[in-house]
Amino acid sequence: MDSTALGPAFFAADTRQVARALLGAELVAGPVVLRVAETEAYRAGDTACHAHRGWTPRNAPMWGPPGVAYVYLCYGLHVLLNLVSEPEGTPACVLVRAAVPVAGLETVRARRGGRLDLDGPGKVGAALGLRVADSGAALGGAGPVAVRRGRAVPDAEVVVGPRIGIEAADAADRALPWNWRWVGPEGLRGRGKGALRGKPLVSPVPGR
DNA sequence: ACAAGGATCCTCT
DNA sequence: GAGGATCCTTGTT
């Protein structure tokens, strides 16, 4: 048992809070451990969310209990990991958009063509060795992925901005600042598609 | 049974 | 910066 494991109680909260709090957390899949460096929130009533057209077999996990993986195939070739949030019955999830590998580097390289950069959701899914069949699995030691509390990321190292790749959504939803990036020295350090978007979550405190 | 369209990534230029 | 890869899911005949 791992006392730092994040379970249903953590994920049952507001998706935006969960997305922010996941920065610095660790995704564990066998020998591979990744530190979460970028997240996005997808919520009920949000036209960018797969749930907005109603329940389907694919997006069903979002309606289920929190603390479950919602995994789907994007563009026919990329496996994307989402973590189901909010209480059961409220469809919502957090997309893990980027991460930094901290263990199992050889496995990551083997799955990523020799690379260790994980600045993109398809790269994260590949590094973890996820498959679409993993969708709906509970997060934890028994499932394909476990999540545990890593290190706390201070607001000064977080940049918020609009979500990536949701051109089909309504303008208002496209503008929502529901993308969180960890830009500190141990985070993304400016890499990734959202590198030039967004603004600091908290501006530096003026000098005394 | 069919067609369209993706919450992307990689390889060029 | 542009384009191709690649195939499942979904809504429609």
Side-chain angles (χ1 to χ4, degrees), chain A residues 11 15-16 18-20 22-23 27 32 34 36-64 66 68-86 90-101 108-137 139 144-145 147 159-182 188 190-198:
Chain A
F11 289 99
T15 305
R16 294 161 295 191
V18 174
R20 166 63 181 87
L22 279 171
L23 293 181
L27 304 174
V32 174
L34 310 182
V36 176
E38 183 177 8
T39 57
E40 284 180 352
Y42 289 87
R43 307 180 71 213
D46 161 18
T47 58
C49 180
H50 286 171
H52 92 276
R53 290 185 196 276
W55 187 97
T56 67
R58 180 177 75 154
N59 65 25
M62 276 198 280
W63 274 267
V68 167
Y70 165 43
V71 181
Y72 74 96
L73 190 68
C74 183
Y75 293 106
L77 31 134
H78 304 295
V79 176
L80 272 54
L81 171 65
N82 300 268
L83 309 174
V84 175
S85 55
E86 311 265 354
T90 300
C93 64
V94 173
L95 169 68
V96 179
R97 259 199 98 74
V100 177
V108 173
R109 280 197 192 91
R111 291 169 172 168
R112 285 277 306 130
R115 302 162 190 243
L116 288 176
D117 58 306
L118 301 178
D119 54 337
K123 300 177 185 181
V124 173
L128 292 170
L130 284 179
R131 306 162 43 143
V132 174
D134 295 319
S135 194
L139 301 172
V145 187
V147 186
V159 169
V160 298
R163 295 171 291 179
I164 313 297
I166 56 167
E167 288 306 308
D170 288 353
D173 292 329
R174 274 182 277 151
L176 294 170
W178 287 0
N179 169 292
W180 288 263
R181 287 187 302 122
W182 178 15
L188 284 178
R191 290 192 298 269
K193 262 190 189 174
L196 299 178
R197 297 169 182 249

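Just so we're on the same page: letters track the sequence lines, and every chain starts at 1. These numbers come from a predicted model, not from an experiment.
- What separates CG of A:D170 from C1' of B:dA7 is a distance of 15 Å, to the nearest Å.
- A:R131 has its CZ atom 12 Å from the P atom of C:dC8, to the nearest Å.
- Backbone-only contact: A:I166 has heavy atoms under 4.0 Å from sugar-phosphate atoms and none from a base.
- Side chains of A:W55 and A:M62 form no contact here, defined as non-hydrogen atoms less than 4.5 Å apart.
- Relative to the side chain of A:H50, the nucleotides B:dA7, C:dT10, C:dA5 differ in distance, and B:dA7 lies closest.
- In this structure, A:R112 reaches the sugar-phosphate backbone alone: every heavy-atom distance under 4.0 Å involves primed, P, OP1 or OP2 atoms, never a base.
- Within the nucleic acid shown, A:L95 comes within 4.0 Å of at least one base atom, counting heavy atoms only.
- Although no hydrogens or angles enter the test, the distance criterion places a donor-acceptor pair under 3.5 Å between the side chain of A:E86 and the main chain of A:T15.
- Per the geometry, CD belonging to A:E40 stands 12 Å off C1' belonging to B:dT8, to the nearest Å.
- Residue side chain A:H78 does not reach the base of B:dA7 through any donor-acceptor N/O pair under 3.5 Å, judged by distance alone.
- Put simply, CG on A:N59 is 15 Å from P on B:dG6, counting in whole angstrom units.
- As rounded to whole Å, 14 Å separates atom C1' of B:dT8 from atom CD of A:E167.
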* Would you sketch DNA chain B in dot-bracket for me? Only Watson-Crick or G-U wobble pairs with both distances under 3.5 Å count, crossing pairs as [ ], other-strand pairs as |, the rest as dots. => ||||||.|||||.
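- Atom OH in A:Y75 sits roughly 14 Å away from atom C1' in B:dC10 (whole-Å rounding).
- Looking at A:R112 and A:D117, a side-chain N of the basic residue comes within less than 4.0 Å of a carboxylate O on the acidic one, giving a salt bridge.
- Between A:R97 and B:dT8 there is a side-chain N or O to OP1 or OP2 distance below 4.0 Å.
- Set against B:dC9, B:dA7, C:dT9, the side chain of A:C74 has B:dA7 as its closest nucleotide.
- Listed nucleotides B:dT8, B:dC10, C:dT10 differ in distance to A:K123; the shortest reach to its side chain belongs to B:dC10.
- Along DNA chain C, the nucleotide nearest A:L77 and the nucleotide nearest A:R53 are compared for position; the residue whose nucleotide lies closer to the 5' end is A:L77.
- In this entry the distance linking CG of A:L130 with C1' of C:dC8 reads 17 Å, nearest Å.
- For A:R163 (side chain) and A:D173 (main-chain N/O), a donor-acceptor pair under 3.5 Å exists by modelled atom type.
- Nucleotide B:dC9 holds its P atom 16 Å from the CG atom of A:L116, rounded to whole Å.
- When the nucleotides C:dT9, B:dA7, C:dA5 are ranked by their closest atom to the side chain of A:V132, C:dT9 comes out on top.
- B:dA7 has its base stacked against the ring of A:Y42, the centroids being under 5.5 angstrom apart at an interplanar angle below 30°.
- When distances are taken from the side chain of A:L73 to each of B:dC10, C:dC8, B:dA7, the shortest belongs to C:dC8.
- Panel note: side chain A:E40, backbone A:I164; a donor-acceptor pair is recorded below 3.5 Å.
- For A:N59 (side chain) and A:H50 (main-chain N/O), a donor-acceptor pair under 3.5 Å exists by modelled atom type.
- No donor-acceptor pair under 3.5 Å is formed between the side chain of A:D134 and the backbone N or O of A:P144.
- Comparing B:dC10, C:dT10, B:dA7 by their closest approach to the side chain of A:R115 singles out B:dC10.
- Annotation: A:R174, atom CZ; neighbour count of heavy atoms from other residues, nucleotides and ligands within 6.0 Å is above 12.
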